[in-house]
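Below is one structure, written out as structure tokens; comments come after it.
Order of listing sets the numbers, starting from 1, for every ligand and every atom in it. Since the structure is predicted, the reported quantities are computational estimates derived from the model, not experimental observations.
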Amino acid sequence: MSLTIPHPLIAKAAHLLKTGGLVAFATETVYGLGADARQETAVAKIFAAKKRPSNHPLIVHLADIEQLTDWAINIPNTAYQLAQHFWPGPLTLILAKHPSVLDSVTGGQNSIGIRLPQHPLAQALLRAFGEGIAAPSANQFTHISPTTAQAVYEELGDQVDLILDGGPSTVGLESTIIDLTQSKPRLLRPGMINIATLETVLGEAILVGNQATNIRAPGMHHLHYAPRTKTQLITTADAINAKLPAKTILVIYSEILAARKDISLVQLPTNPKEYAQHLYSTLRALDKQRYDQILIEIPPQIPEWHAILDRLARASGVVTNRKRYTLSE
Ligand code: TXA
Ligand code: MG
């Protein structure tokens with residue numbers, strides 16, 4: 001990806017962060033709402049802008065792996081193994097937090113989420129700023145994450161001091177989150193780096209799903225990542241013959257369904273990587289079109305689609321405990 005970044009805007013953004021402002025910026029996953037992770041009042045602005053509960057921890061974004069020891073302690077070898085393969089990129093590691101980290105960043109927990117993003121704009125900002133940027137997705141709490149600068153503006157308006165537009169996010173779904181604070185690695189949120197790939201690099205199995213502990217894991221809130229329009233899932237077999245009420249839109253990936261000419265269809269790509277890229281922008285666009293209902297064809301229940309299945313389940317209000325690949329329960 002090549003991108004020419006106007007230097008004055010990056011310098012301005014870094015200055016805004018230093019002076020306690022909020023800067024939204026492109027990353028390869030989704031847009032982030034950034035603040036200086038060392039400034040209590042700046043971090044408080046993130047929670048206010050998103051209307052996010054204050055016990056919900058934030059991810060700290062860094063430019064360089066050498067900064068890791070300023071934020072985390074007792075860093076296991078597995079963290080370096082994963083970092084070497086996947087950073088910079090769409091992977092967040094949960095590690096034991098350094099004592100200097102603000103409680104407001106970690107939601108009062110002993111652990112911290114860290115990510116080195118790959119997007120050149122995010123990297124330029126992080127390098128210019130030189131410190132950790134706390135950044136959740138730049139949306140209102142429980143809404144769909146933004147994958148464009150326009151979507152950030154629709155979500156947060158003038159509450160953000162500056163939005164750095166780096167074009168549409170190329171991954172399109174939030175990062176994979178792995179908890180490395182226990183004896184075995186655990187997947188807390190599936191992302192487009194899938195569990196099988198992570199297990200190959202680590203050479204060990206990764207536990208899946210949230211433990212019944214007090215860890216405030218991502219997306220546990222009912223209707224996380226949800227459009228406002230009523231959204232439901234449907235199998236391909238059911239969708240072939242379903243009689244659908246007017247003002248329903250069917251979101252499909254399979255070519256069989258494209259043959260239906262009697263209903264309103266949106267065709268998403270059949271390849272999971274491209275599907276993920278377009279999912280949130282499609283749901284956001286459909287949400288504006290006043291349909292009574294959005295129906296989404298259930299994609300294949302295999303590892304490459306795991307993160308997509310997870311977000312679809314949440315968008316439709318199905319509560320999952322993030323078991324491997326399935327939508328049942
Ligand atoms: O792709 C991403 O991860 C994007 C971009 C901007 O980096 N960020 C993002 O942040 O999705 P957010 O805040 O919307 O989701 C991060 C999730 C939260 O749901 C939070 O519960 C979880 O990460 N998290 C953060 N720190 C944690 C911790 N110490 N323990 C468990 N979960 C944590
Ligand atoms: Mg979020």
Heavy atom of R189 under 4.0 Å from ligand 1? yes

Tell me the nearest of G107, S137, S169 to atom 12 (P) of ligand 1, using heavy-atom distances. S137

Can you list the ligand 1 atoms lying under 4.0 Å from a non-hydrogen atom of R52? 12 (P), 13 (O), 14 (O), 18 (C)

Under 4.0 Å from one or more heavy atoms of S111, ligand 1 contributes atoms 28 (C), 29 (N), 30 (N)

Quick check against the 3.5 Å criterion: does R186 have a side-chain atom that pairs as donor or acceptor with the backbone of L180? no

Answer yes or no as to whether an N/O/S atom of S137 is found below 2.8 Å from the Mg ion (ligand 2). yes

Donor-acceptor pair, D287 side chain versus R228 backbone, under 3.5 Å? yes

Please state which part of K50 comes within less than 4.0 Å of ligand 1, counting heavy atoms only: side chain, backbone, both or neither. neither

Ligand 1 contacted by I94 (non-hydrogen, < 4.0 Å): yes

Is the W87 to Y80 ring centre distance short of 6.0 Å? no

Main chain of T229, side chain of T231: is a donor-acceptor contact present, judged purely on distance under 3.5 Å? yes

I need the atoms of ligand 1 closer than 4.0 Å to a non-hydrogen atom of S175, numbered in the order shown. 1 (O), 2 (C), 3 (O)

As an exercise, identify every atom of ligand 1 less than 4.0 angstrom from a heavy atom of G32. 6 (C)

How close do P136 and K50 get, counting heavy atoms only, and between which atoms? CG-CD, 3.5 Å

At their closest point, which heavy atom of I234 faces which heavy atom of A242, and how far apart are they? CD1-CB, 4.2 Å

So the atoms of ligand 1 within less than 4.0 Å of a heavy atom of T29 turn out to be 1 (O), 2 (C), 4 (C), 5 (C)

Pick one of side chain, backbone, both or neither for how I112 approaches ligand 1, counting any non-hydrogen atom pair under 4.0 Å. backbone

Ring centroid separation F141 to H56 under 6.0 Å: yes

Sub-4.0 Å atoms of ligand 1 with respect to non-hydrogen atoms of H61: 5 (C), 6 (C), 7 (O)

Check the hydrophobic clustering (I, L, V, M, F, W, Y; side-chain heavy atoms under 4.5 Å; chains of links allowed) and say if Y291 and L244 are grouped together. no

